[in-house]
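Here the structure is laid out as structure tokens; the discussion comes afterwards.
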Amino acid sequence: MNAPLPLSRTSGPDCGPVLKEKGQREVFCGLTGIIWLHRKMQDAFFLVVGSRTCAHLLQSAAGVMIFAEPRFGTAIMEERDLAGLADANDELDRIVEQLLARRPEIKTLFLVGSCPSEVIKLDLAKAAQRLGAKHAPDVRILNYSGSGIETTFTEGEDACLASLVPEMHELPADAAPNLVIVGSLPDIVEDQFRRLFGKLGITNVGSLPERAVADLPGIGPNTRYLLAQPFLGDTAQYLNERGARRIDALFPFGVEGTSDWIGAAAEAFGIDTARVAELLAPYQERARTAIAHQRERLEGRSIFFMPDSQLEVPLARFLANELGMVLTEVGTPYLHQGHMARELAAMPAGVQLSEGQDVDRQLDRVRGIRPDLTVCGLGLANPLESEGLSTKWAIELVFSPIHGFDQAGDLAELFARPLRRRDVLRV
Ligand code: SF4
């Protein structure tokens, strides 16, 4: 049996200087987040105010999954809107009227900005206010931007969750302490975490987002929150401004990350360390066994992360520390020094980090290194595969349940699969 992993780590080796890149980017825009957010928030509808390109992106990303009336759509701005010949606000009001009349089950409507709405400077905050006043209290109307000018694909979730923070009700200074899990997780994973916290005696637990927006937890000076996703910088900032405090922890990927994440919350809530260790031991053991099945294939293999989802740093830490993979370069679109400090300290020494993107220069480095596996966007995967390099689509990591003990084996498997395929092809 392996020695139990420490529940917290306060220092670690220096990861060296971060390579800052600025140039052409190859990532999806923030509208992509709607694909998983609409599944999570079951009383919400996402109305993209955009072009046919935006509608096409959503349809092709989610198309195969639509079998009932979808909870997202696009209010298409035509050329005359873009040329300022029609009043886009009137048009938007008309579409919202029609939508809400037809779909009375919608309780929260997000007006989602796009490149075209931004270019013509359509003020969606004002539109949300105007329409919100008209439809209150039946429907709350919020807005955020998912435009490719402002956001990369996981930043759409950040913008959406940030727009929900003002909807959380105020808790007084003498309210009982509460814990908020921040980040959209598949229901099954969220339920696992809540059960674990419950067993530890932390029962006042809410999520941002909740399945119904009306059930959002309250927030006040006794609120502590855990980030479940590493791309929620703005949301965290808004939560801080409302008096909540972030619990510093690794992100809950793998045994090490999940143990640290739960352990840090337990510490913040004054739970006895021995009790935490005892409760987590069987979960850790099961997860280690599941991971061990993939270790044989992944140990010693090299991996290169192109910047894409902001999940790169914690995933790289998991792959290096628990599966023995060799990190050649870990790129991330944005490195939040505060939220990532603990992750960086837990990484092996000397890892090359890069922040931002200059896609051509980065591809040159991939070709020079020829790693066993490259994690990248869909658009880059095919060309690299045709050059004999194995790839993993970054977006799959955002869509799949990968957090927590029970998913640790599946997470490792996601990286092992393309290597297995390549090995089979070689045979
Ligand atoms: Fe394209 Fe911009 Fe629409 Fe995204 S928001 S699909 S980048 S036009």
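Start at 1 and go down the list; that is how both ligands and their atoms are numbered. Both backbone and side-chain heavy atoms feed into the values below; hydrogens, waters and symmetry mates do not. If you're wondering where the values come from, they're calculated on a predicted model, not measured in any experiment.
When the options N178, N240, T235 are evaluated for a side chain to side chain donor-acceptor pair (under 3.5 Å) with Y225, the one that passes is N240.
Between F153 and F28, the two ring planes are perpendicular [angle over 60°; tilted spans 30° to 60°].
Distances shorter than 2.8 Å separate atom 4 (Fe) of ligand 1 from the protein N/O/S atoms C29 SG.
For F46 and F110, the gap between ring centers is short of 6.0 Å.
The CD atom of E385 sits 8.0 Å away from the SG atom of C376 when rounded to the nearest 0.5 Å.
Here the closest non-hydrogen pair linking L373 and F415 is CD2-O, 3.5 Å.
Applying the ring pair (Phe, Tyr, Trp, His ring centres under 6.0 Å) definition to pairs two or more places apart or across chains, those involving residues 330-351 are H336-H339.
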